Amino acid sequence: MAIKWINTNRKNPPAEGPQRPPRERGWLSAAAGLLAFVLGLSMVIDGCVFIAGAADNRNNWLADSLESDYQNTSQFRTFIADRLESMIVMGLGGPGGDWYGYNDYYGDFEIETYVQQDTAADWGLIWDSAWSSTSSAPKPVPGTTSVYGDELHSRWNPDKNLLYRVEYGGKLLYTNTDDDIAKPRADYNFYLHFNGEKVTITKDGSAVDVYGNGYYTEDSDWYVPGYQNFTLGEDCGKITITMAAISQPQVFITGQGNNGYYRWTNQLYWLCQGMEETRGGFRLCAVELSVGLLLLGLYWLLRRDKARADRTAARLTGKLWWEVKLLLIAALSFAICRRSYFGEVLVEAATAVTEGGMPMAWALREYGWGFGELLSYLFESGGRLLALLWAVYFLLINDWRYNKTPWRHGVGAMLTARSLKHPLQKRISRLTGGVVLLVAVLLSAISLAARAGSDYLGWFGWIIGLPALLVLCYLAYFSRRLRGIWTDIGSLTDQIAAVRAGDLEHPLPLEEGRDLAQAADDLNHIQQGLQSALEEQTRSERMKVELITNVSHDLKTPLTSLISYTDLLAKEELPPPAGEYVAILQQKAQRLSDMVQDVFAVSKAAAGQLPLKIEILDYGKLLRQTLADMSQPIEDSGLTLRTDIPETPVPISADGTRLYRVFQNLIGNALKYSLPGSRIYLTLRCTENQAEAILRNTSAHELIKGTDYTARFVRGDESRTDGGSGLGLSIAASFTEACNGKLIVETEADLFTVRVTFSIRS
């Protein structure tokens, strides 16, 4: 049986056999990754905010939703305590006057008020004296009916989910049933009895521990009188209240004749419905969290593809102005914070503090300023909250991550123009930014005027504001076009500078739809024409150099033979005029040999094939040695040579042999063509980094202005017949450049100046 070995080295897979190329995922996977990330994180955040708000809410939504029996919930206990308080006030004759808009719900402030009373005169009247605006109304009479009690009884009477009896001193004041509530019934399993001092509760036939250790605290289940620190006044001792709550609340509808049908309160029914809805909300929240986590898992698998989608989104958001992004985020934040929830809480709490003397901490707690309420509000505003979250992610975080410096694209960037380097670009940018800013300020001023309250200003704002808004939108579009124009202007300017510097190989790519595309195309054609002309010139020069090199090489052999034979003839004793002819022949052959050598040297230098031996040498010493070797020609010329060469070493980097030939040619040229009896000046000047040898002489012939004397076969006097080849200065310039130096020829009238510059080596 053959065994097949499997290569498990993932980093270095086997090279043999066909290899499957990596599969490229397209835009669909990138969109799926981004969508999974956005939806998954949104669902998780939404679910977490819902759970956190329900868990911290003071109505205990989370705990109550887990109870199968609504009578075991804190909301039911709060409802019973509220109803008991209202019934005690009804037994005492109500809060007085014709005021009956009493809210059934009461909070922790009343708790603290009652706890602070040693012997509270009246539970309901304490609330009434603190908050009711009817302090001037007649004092209530205990044991009598009132407008307040009648109004509440008319609302509660049709609702048979809670049966009740309110008595005072044995006198029946209010009831919504003719049956004996104290007698157990199959459909009512919760009974409460208040005897004027304490409350007894029975549920499912078993007594409920109401008071615990006898002292009321904020953690107590029941907020009812009877605690040692929660007592009522003397008048309350005659009140007897009995309540029976149904086990399964129903909807009770009452006909009102011509007024139609009313369901009235049915509070216990809606309490159960609300708890069921909360349970359904938690079930949906669990599904939402599960789906969100699954989507986040999918995002994790597609995170690299999602990065491509992020880059695409960054390219889109990068086209928006930085100020527009900040305004969008500010607008979404304002949309969340401007809701009346926060305003109402602050206004009501401030009123309670200023008018009722309530401490601010109690007022905020009383009117719902808690972490749970805040989370609940954010959950209710979930759409706006998530919109703000993703606006911050895409417009700030993702934009900053891929665009690096997004603030460079906007009105501020146009005004500063720091990213631009050409003056024309900066002027266009600042002009555009100023116009946009001016219109934006004008539009803002008109909007503020329109909101000032005057109808005239309001209509004026609509008449002027709408066109201003359209102008601002047009400016946003036009500024984008202008931004493209000044960007293209910068590219064109840079390309012109590059062409001027000699770059003829890299054209400027501009898309056809750009405003300056035609100008860029014209510049590219000019660049191509210059490149073609330069290539043609280079080709011609190369052919010329190759021709001269080949001819010079071919002339060497016959010329060497000619010189050898003329030397042999010169040694023979020939009768005149043959001897004179041989001397002339010998002289001309030597001149032709020198010319061929010069041409050959120039050709090698031009082709970059000149052999060099670069070394550190003393510039002054080389000049003095050249002068010493040419002392005899200098003396025979009848000219005066003035030198100024420092004795201290001047180190430069060059080929000594080539540089010696340079100055030999320059000095020889000056000796040949200087005005008879004139002076020649040779000076070596040194600066911090450069050494410059300057040779000056006065020409015997008129110098032609604008002539390049370093070009090959160029003479200062075209009519002279002294036998010069016109290559002396060309050779000097070529050898100097080959040694990394610089040779410059200057003429002024008949003054001929040559400067040979090298960098000083340390």
Side-chain angles (χ1 to χ4, degrees), residues 25-46 48-49 292 295-337 378 381-421 425-426 428-430 432-434 436-437 440 444 472-473 475-488 490-491:
R25 292 192 178 106
W27 62 268
L28 189 59
S29 58
L34 180 62
L35 189 62
F37 175 73
V38 172
L39 291 180
L41 191 57
S42 299
M43 289 181 175
V44 170
I45 292 176
D46 191 55
C48 290
V49 169
L295 288 175
L296 288 179
L298 177 61
Y299 145 71
W300 183 255
L301 297 176
L302 300 175
R303 60 187 182 279
R304 294 185 179 178
D305 300 286
K306 183 256 182 186
R308 295 208 313 272
D310 284 342
R311 285 192 291 270
T312 302
R315 285 196 297 270
L316 296 176
T317 57
K319 297 179 180 179
L320 293 176
W321 290 344
W322 176 248
E323 294 82 4
V324 172
K325 300 172 190 175
L326 295 181
L327 286 175
L328 287 175
I329 293 174
L332 288 173
S333 303
F334 180 72
I336 292 178
C337 297
L378 291 178
S381 305
R384 289 182 294 273
L385 178 65
L386 291 176
L388 176 62
L389 170 67
W390 294 120
V392 171
Y393 175 78
F394 285 108
L395 297 180
L396 288 184
I397 300 175
N398 188 70
D399 190 60
W400 199 306
R401 180 171 56 176
Y402 290 104
N403 293 325
K404 302 302 181 185
T405 54
W407 57 86
R408 292 187 177 179
H409 179 48
V411 179
M414 286 190 284
L415 292 174
T416 58
R418 291 182 179 178
S419 60
L420 306 176
K421 59 181 180 179
Q425 288 180 294
K426 292 184 178 181
I428 297 176
S429 176
R430 287 168 180 161
T432 306
V436 172
L437 182 61
S444 301
L472 185 62
C473 294
L475 283 177
Y477 165 76
F478 189 64
S479 65
R480 176 174 175 79
R481 293 293 303 270
L482 285 179
R483 185 171 184 268
I485 290 175
W486 74 60
T487 301
D488 293 345
S491 300

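On a predicted model such as this, the values are computed, not experimentally measured, just so you know. The figures here come from the full heavy-atom set of this structure, side chains too, leaving out hydrogens, waters and symmetry mates. Counting from 1, the numbers follow the sequence of the chain as shown.
- Of all heavy-atom pairs between L298 and A36, the closest is CD2-CB, 4.0 Å.
- Applying the side-chain hydrogen bond (donor to acceptor under 3.5 Å, both in side chains) criterion to R315, with sequence neighbours excluded, gives T312.
- Taking CZ from F37 and CG from D305, the interatomic distance works out to 14.5 Å, rounded to the nearest 0.5 Å.
- Side-chain contact check for L316 versus F394: every heavy-atom pair is 4.5 Å or farther apart.
- For L326, the side chain to side chain contact (heavy atoms under 4.5 Å, CB included) partners at least two apart in sequence or on another chain are W322, L396.
- Residues that satisfy the side chain to side chain contact (heavy atoms under 4.5 Å, CB included) test with A32, not counting sequence neighbours, are L302.
- L41 approaches L296 most closely through the heavy-atom pair N-CD2, 3.7 Å.
- Pairing each heavy atom of A309 with each of A30, the nearest pair is CB-O, 3.5 Å.
- The stretch residues 390-402 participates, sequence neighbours left out, in these salt bridge (Lys or Arg N to Asp or Glu O under 4.0 Å) pairs: D310-R401, K325-D399.
- Using a 4.5 Å heavy-atom cutoff, the side chains of T317 and N403 are in contact.
- Remark: R303 pairs with Y299, W300 by the side chain to side chain contact (heavy atoms under 4.5 Å, CB included) rule, at least two apart or across chains.
- Judged as a ring-ring contact (aromatic ring centres under 6.0 Å, His included), and not counting sequence neighbours, Y402 has no contacts.
- L35 is linked by a side chain to side chain contact (heavy atoms under 4.5 Å, CB included) to L39, counting only residues two or more places apart in sequence or in another chain.
- Here CG of L395 is found 5.0 Å from CD1 of I329. Values are rounded to the nearest 0.5 Å.
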